[in-house]
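Just so it is clear, the structure is predicted and the values come from calculations on it, not from any experiment. Residue numbers run from 1 in the order of the sequence given.
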Amino acid sequence: MQRTVLGETFMSLSLVQSRALLGLEAAQVTVEVHLANGLPSFTLVGLADVEVKEARERVRCAIQNAGLTFPHNQRITVNLAPADLPKDSGRLDLPIALGILAASGQIDANQLAGFEFAGELSLSGELRPVRGALATALALQTGHVSAKLVLPPGSAEEAALVPGAQVYRARHLLDVVRQFLPAGAAPAGNDAPNGGDEGWARMTHTPSVQAADVADMADVKGQAGAKRVLEIAAAGGHSVLLSGPPGSGKSMLAHRFAGLLPAMTNEEALQSAAIASLSGRFSMQHWGQRPTCSPHHSASAVAMVGGGSPPRPGEISMAHHGILFLDEILEFPRAALEALREPLESGTITISRAARRSEFPARFQLIGAMNPCPCGYLGSAVHHCRCTPDQVARYQSKLSGPLMDRIDLHMEVPALPSNELLQAPAGESSAAIRERSTAARGRAMARQGKTNLALQGQEIDTYVALDDAAAKFLNVAAARLGWSARSTHRALKVARTIADLAGADTTQISHLAEAMQYRRTLQKTL
């Protein structure tokens, strides 16, 4: 539809493409802007959240302060289609502003085809970063959409991490407007703060992985058993529960676990960064580094698994391809701990609400640290435990049987005598342990294309390669210990990891016996 004003003909209806984030999905949003005669107004419809409705004032001021013309004397209607899709945040400021400028003939609406825009506008017209830029670019790549993304500084560099993404950075509203002027039109607006086209650039960012600032395992003296358990966990992707008195080194060991893990693949790095991008917690300095999440024990179940409207990822998703360290795990609310059951098994979390359903990946390694009793000194040879049997039982019952069943490695961490702590030499370095665990994980990936923890169903029988003597031993031991099918399968996966560390082709009795020992250690205490 065309109208003639002051001798010039322009479109009174314009369409600009953008995206709305629903979990890791980036649903397409068409910003429709219509200008009509009537009482001056600015109406915004299409299930917009409060932040989106506030865009009316930001857009108005940004257009005026950029030296462009805002159609004050007309009725402006902005529709965000589809109408039943929730939209939040200020990411739609830029497409709304461009829609108004295209409908009023200040830019060429036809040139906007093939581009998608996102960005929050300041009152001066500067573009501010938006969350979820990397997640948006990754969703476009997954959906095979060949759109050109125009994003603010910070967000553009983030989105450019996705291989093959067509990303353009714009610092100011005028930087975008000058790219879509009608043929023969003079430069629009005031002089851009960056001068000419310097604020507009095609991003071809090449990511560089910064060395992770992780403390060295050599700082930990003694504790050979706990270090062995963490090496097995790093090689096979297993979860660990460390139990011991206060000051025995549980937290010290857990904080150094990230240094034992193999380097992330590019696909893992993209998935992890996309989730961090959704929460606005992504940093270029942490690109390619495995995340370590350490929530406080007051964290709720929603904080752990995610939630809200629209749903946001929780701590378990933020730790995807990384570590979730729960210090003082028994102090966490029971509901928060029980919410970990399904993700530990499936590696995903599904958040369902009345109108929406979102699924987030949650393939994390759980490292839990606990005291054996409320006072912390149960079984200590130095300190006397003041807790009654009933207090101990009530305290330890916060970890339910089903959750314990899903934790592969249980290890007691005893307190070291002062003479051993002061006189013992430095322990083995993280680099040496990481070399062995990386080699073991490489054997598993070459054999089955996944970590040992990820083996399911028939894959366990196929790849564990349990020899006859070990199979007989497992049958007798599992029957006597009353293990569930899950416990048996998880012990087999740990045994396969131990065999990989030893460079063995088959899983033997010695590997299986060591794996069973790590499931029995804590159960003796409990």
Engineer: Does atom CD of Q17 have more than 12 heavy-atom neighbours from other groups under 6.0 Å away?
Structural biologist: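 Yes, enclosed.
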
Engineer: Check step by step if side chain to side chain contact (heavy atoms under 4.5 Å, CB included) holds for V150 and Q179.
Structural biologist: CA-CA 11 Å; V150 179; Q179 309 306 313; over 6 Å; no

Engineer: Counting distance only, does the side-chain N/O of D49 pair as donor-acceptor with the main-chain N or O of E51 below 3.5 Å?
Structural biologist: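 Checking the backbone N and O of E51 against the side chain of D49, no donor-acceptor pair under 3.5 Å is found.
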
Engineer: Just verifying a value: how many Å separate Y395 OH and E331 CD, rounded to the nearest 0.5 Å?
Structural biologist: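 Reported value, rounded in 0.5 Å steps: 4.5 Å.
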
Engineer: Does the side chain of L324 come within less than 4.5 Å of M304's, by heavy atoms?
Structural biologist: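 Yes, their side chains come closer than 4.5 Å.
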
Engineer: With a 4.5 Å heavy-atom cut-off, do L173 and L98 have their side chains touching?
Structural biologist: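 They are in side-chain contact.
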
Engineer: What verdict does the side chain to side chain contact (heavy atoms under 4.5 Å, CB included) test give for E157 and L151, after you've listed the backbone C-alpha separation in whole Å, the side-chain angles of each residue and the deciding distance to 0.1 Å?
Structural biologist: CA-CA 9 Å; E157 289 84 355; L151 297 167; over 6 Å; no

Engineer: Working to the nearest 0.5 angstrom, can you tell me the gap between M370 CE and S243 OG?
Structural biologist: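 Answer for the CE-OG pair, M370 versus S243, is 4.0 Å.
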
Engineer: Between the main-chain N or O of A81 and the side-chain N or O of T30, is there a donor-acceptor pair closer than 3.5 Å?
Structural biologist: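 Looks like no, no N/O pair under 3.5 Å.
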
Engineer: For R75, does the CZ atom sit with more than 12 other heavy atoms under 6.0 Å from it, leaving out its own atoms?
Structural biologist: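 Incorrect, the count does not exceed 12.
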
Engineer: Less than 4.0 angstrom from a charged side-chain N to a carboxylate O is my criterion; do K250 and E328 meet it?
Structural biologist: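 E328 and K250: not salt-bridged.
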
Engineer: Q141 side chain to P163 main-chain N or O, any donor-acceptor pair under 3.5 Å?
Structural biologist: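 Yes, because the side chain of Q141 sits within donor-acceptor range (under 3.5 Å) of the backbone of P163.
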
Engineer: Is any side-chain heavy atom of R169 less than 4.5 Å from a side-chain heavy atom of P153?
Structural biologist: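 Yes. Closest side-chain heavy atoms under 4.5 Å.
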
Engineer: State, yes or no, whether a side-chain contact exists between R341 and S400 at a heavy-atom distance under 4.5 Å.
Structural biologist: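 The answer is yes, as the side chains (C-beta and beyond) meet within the 4.5 Å cut-off.
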
Engineer: Hey, are the side chains of L80 and L47 touching, using non-hydrogen atoms and a 4.5 Å cut-off?
Structural biologist: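 No, every pair of side-chain atoms sits at 4.5 Å or beyond.
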
Engineer: Would you find a donor on one side and an acceptor on the other, under 3.5 Å apart, between the side chain of S155 and the backbone of V130?
Structural biologist: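 Pair found, side chain donor or acceptor close to backbone of V130.
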
Engineer: Mind jotting down which residue pairs meet the salt bridge (charged side-chain N to carboxylate O under 4.0 Å, His left out) criterion with at least one end in residues 272-290? Sequence neighbours excluded, please.
Structural biologist: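 Residue pairs with at least one partner in residues 272-290: E268-R290, R281-E315.
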
Engineer: Under 3.5 Å, side chain of R363 to main-chain N/O of S346, donor-acceptor pair present?
Structural biologist: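 Answer holds: yes.
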
Engineer: Check whether any side-chain heavy atom of I275 lies under 4.5 Å from a side-chain heavy atom of F360, and answer yes or no.
Structural biologist: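 They are not in side-chain contact.
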
Engineer: So, the side chain of R56 versus the backbone of K53: is there a donor-acceptor pair under 3.5 Å, distance only?
Structural biologist: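 Checked: pair present.
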
Engineer: Sub-3.5 Å donor-acceptor pair from the side chain of S437 to the main-chain atoms of A234, do we have one?
Structural biologist: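 No, because the side chain of S437 does not come within donor-acceptor range (under 3.5 Å) of the backbone of A234.
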
Engineer: What class does the angle between the rings of F70 and F42 fall in, given that below 30° is parallel, 30 to 60° is tilted and above 60° is perpendicular?
Structural biologist: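 Rings of F70 and F42: tilted, 30 to 60°.
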
Engineer: Do H172 and D175 come close enough that some side-chain heavy atom pair is under 4.5 Å?
Structural biologist: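 H172 vs D175: side chains touch.
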
Engineer: For R19 and Q28, what are the C-alpha separation, side-chain angles and deciding distance, and is it a side chain to side chain contact (heavy atoms under 4.5 Å, CB included)?
Structural biologist: CA-CA 5 Å; R19 295 275 163 173; Q28 187 172 40; 3.9 Å; yes

Engineer: CD1/I460 to CG/L455 distance, rounded to the nearest 0.5 angstrom?
Structural biologist: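 So the CD1 of I460 and the CG of L455 are separated by 6.5 Å.
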
Engineer: Mind checking whether M516 and L481 have side chains closer than 4.5 Å, heavy atoms only?
Structural biologist: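 Touching, per the 4.5 Å side-chain cut-off.
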
Engineer: Quick test of your reading of the model: are D408 and R486 salt-bridged, counting only N-O distances below 4.0 Å?
Structural biologist: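 Looking at D408 and R486, the cut-off is not met.
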
Engineer: To the closest 0.5 Å, what do you measure between CD1 (I76) and OG1 (T43)?
Structural biologist: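 Nearest 0.5 Å value for the CD1-OG1 distance: 9.0 Å.
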
Engineer: Not counting sequence neighbours, which residues clear ring pair (Phe, Tyr, Trp, His ring centres under 6.0 Å) with F257? List them please.
Structural biologist: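 Result, ring pair (Phe, Tyr, Trp, His ring centres under 6.0 Å) vs F257: none returned.
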
Engineer: Measuring from atom CD of Q289 to atom CG of L261, what distance do you get when rounded to the nearest 0.5 angstrom?
Structural biologist: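 Separation between the atoms: 12.5 Å.
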
Engineer: Test side chain to side chain contact (heavy atoms under 4.5 Å, CB included) on L13 and V33; report intermediate values, then the result.
Structural biologist: CA-CA 6 Å; L13 175 66; V33 180; over 6 Å; no

Engineer: Answer yes or no: does atom CZ of R357 have more than 12 heavy-atom neighbours from other residues, nucleotides or ligands under 6.0 Å?
Structural biologist: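 At most 12 heavy atoms, drawn from other residues, nucleotides or ligands, come within 6.0 Å of this atom.
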
Engineer: Before you tell me yes or no, could you show the steps for T265 and E267 under side chain to side chain donor-acceptor pair (under 3.5 Å), namely the whole-Å CA-CA distance, both residues' side-chain angles and the distance that decides it to 0.1 Å?
Structural biologist: CA-CA 5 Å; T265 65; E267 182 180 357; 5.5 Å; no

Engineer: Hey, could you give me the CD/NZ distance between Q456 and K450, rounded to the nearest 0.5 Å?
Structural biologist: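 Going from CD on Q456 over to NZ on K450, the span is 7.0 Å.
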
Engineer: Look at the side chain of T348 and the backbone N and O of A362, then say whether any donor-acceptor pair between them is shorter than 3.5 Å.
Structural biologist: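 Side chain of T348 to backbone of A362, a donor-acceptor pair under 3.5 Å: no, none is there.
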
Engineer: Any side-chain to backbone donor/acceptor pair from S14 onto G99? Under 3.5 Å, distance only.
Structural biologist: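 Between the backbone of G99 and the side chain of S14 there is a qualifying donor-acceptor contact (under 3.5 Å).
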
Engineer: Over 60° means perpendicular and under 30° means parallel, so classify the ring planes of H297 and F332, tilted if in between.
Structural biologist: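 Aromatic pair F332/H297 classed perpendicular.
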
Engineer: Is the ring pair F325/H255 parallel, tilted or perpendicular, if the boundaries are 30 and 60 degrees?
Structural biologist: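 Aromatic pair F325/H255 classed perpendicular.
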
Engineer: Determine which pairs satisfy side chain to side chain donor-acceptor pair (under 3.5 Å) with at least one residue from residues 79-99, sequence neighbours left out, and list them in order.
Structural biologist: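 Listed once each, the pairs are E32-N79, R58-D93, D88-R131, R91-T136.
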
Engineer: Quick check: does any side chain N or O of R519 sit under 3.5 Å from a backbone N or O of D405, one acting as donor and the other as acceptor?
Structural biologist: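 Side chain of R519 to backbone of D405, a donor-acceptor pair under 3.5 Å: yes, one is there.
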
Engineer: Looking only at the side chains, is there a donor atom on one of R447 and N452 sitting less than 3.5 Å from an acceptor on the other?
Structural biologist: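 Yes, N452 and R447 have a side-chain donor paired with an acceptor closer than 3.5 Å.
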
